[in-house]
Amino acid sequence: NTHMILAMDVTDREEALKIAEDVQEFVDAIKVGYPLILATGLDIIRDLAEFAPVIADFKVADIPNTNRLICEQVFEAGADAVIVQGFTGRDSLDACIEIASEYGKDVFVVSEMSHPGGAEFMQPIAEAIAKMALEARAFGLVAPATRPERVKEIRKIIRDRLTIISPGVGAQGGKASDVIAAGADWVIVGRSIYKAESPKEAAREIAEEIQAELGGKN
Ligand code: BMP
């Protein structure tokens, strides 16, 4: 377990496959979203799944019926998990979880986003979203590595019952060891790896930082 997820936001298929191959030993999953999928097509999910489980970051945020239709497509495409928004409410989340459980797959719920604007409207409702995700039996939450103190608060709410995956390390200013110390299970890293001169070395460095922080607790 490396406790690291790669955010594969490149827009070229060959580049994505090359990076996936180079860094696979240092990541536990690959997160793909609109940039790569819109650029290359949905097949990229199965292609990348050869290297690591794929988390489809579609930030699903619609009425229950539409959420259900979206999640079916995501899991049919070979994703192992989907990321959904929480602010659309319990019924919308339940729809995603229902489809995910039919496929034996996982749902992550965004509680509060990592960019500065994420503190504007989302932070005040983040605790409520975390409680909802817990009650709805989601698999995990997405919480900001840019604000480790928020990860700590969210961790108190969900205790050890949900997983926290945390973006905002590197390019957005967060530090992997800080957010792991605050209670995140996995850090999500994009640009600091895929834009590095050597993605493999960049991934290795962050993986080592995480292992040092965990100090054998792993
Ligand atoms: P980067 O390490 O390059 O900043 O990438 C972070 C990734 O995590 C991006 O794919 C981004 O869309 C995603 N993300 C985020 O940065 N903050 C959030 O709150 C939720 C996200 O999904």
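Quantities reported herein were computed from a predicted structural model and do not represent experimental measurements. In what follows, every heavy atom counts, from backbone to side chain, and hydrogens, waters and symmetry copies are set aside. Order of appearance sets the numbers: ligands from 1, and atoms from 1 within every ligand.
Checked for salt-bridge contact, E149 and K152 miss the test: no charged N lies under 4.0 Å from a carboxylate O. Using a 4.0 Å cut-off between charged nitrogen and carboxylate oxygen, R13 and D47 count as a salt-bridge pair. Ion pairing between R147 and E112 holds under the 4.0 Å rule for side-chain N and carboxylate O.
Ranking the protein heavy atoms by distance from atom 6 (C) of ligand 1 puts Q172 NE2, 3.6 Å first. Looking only at protein heavy atoms, the nearest one to atom 11 (C) of ligand 1 is K31 NZ, 4.1 Å. For atom 7 (C) of ligand 1, the nearest non-hydrogen atom of the protein is A7 CB, 3.7 Å. If you check which protein heavy atom lies closest to atom 9 (C) of ligand 1, you get D9 OD2, 3.2 Å. Ranking protein heavy atoms by distance to atom 2 (O) of ligand 1, first place goes to G190 N, 2.8 Å.
Using a 4.0 Å cut-off between heavy atoms, K59 contacts ligand 1 through its side chain alone, with no backbone atom that close. Within the 4.0 Å heavy-atom criterion, both parts of S114, backbone and side chain, lie near ligand 1.
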**Asked** Please walk me through it: do T146 and Q172 pass side chain to side chain donor-acceptor pair (under 3.5 Å)?
**Response** CA-CA 7 Å; T146 48; Q172 294 179 54; 5.3 Å; no

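Evaluated for a side chain to side chain contact (heavy atoms under 4.5 Å, CB included) with V74, the options I99, L69, V84, V82 yield exactly one hit, V82.
Not a single heavy atom of I193 sits less than 4.0 Å from an atom of ligand 1.
Looking at heavy atoms from C-beta onward, L141 lies out of side-chain contact with I165 at the 4.5 angstrom threshold. In this structure the side chain of V32 reaches within 4.5 angstrom of the side chain of I45, judged on heavy atoms. Using a 4.5 Å cut-off on side-chain heavy atoms (C-beta onward), V187 and H3 make no contact. Counting heavy atoms from C-beta on, the side chains of R204 and K200 come closer than 4.5 Å.
Considering only non-hydrogen atoms, atom 20 (C) of ligand 1 lies nearest to P167 out of G118, G33, P167.
Considering backbone and side-chain atoms alike, Y194 places every N or O at 3.5 Å or more from each N or O of ligand 1. At a 3.5 angstrom cut-off on N or O pairs, V110 does not count as close to ligand 1. Between S192 and ligand 1, a contact under 3.5 Å exists for no N or O pair.
Atoms of ligand 1 found under 4.0 Å from any heavy atom of M113 (numbered from 1 in listed order, with element): 18 (C), 19 (O), 20 (C). Ligand 1 places these atoms under 4.0 Å from at least one heavy atom of V169: 2 (O). Residue R191 approaches ligand 1 through these ligand atoms, each under 4.0 Å from one of its heavy atoms: 1 (P), 2 (O), 3 (O), 4 (O). For ligand 1, the atoms lying closer than 4.0 Å to a non-hydrogen atom of D57 are 22 (O).
Of the N and O atoms on the side chains of E15 and Y194, not one donor lies less than 3.5 Å from an acceptor on the other residue.
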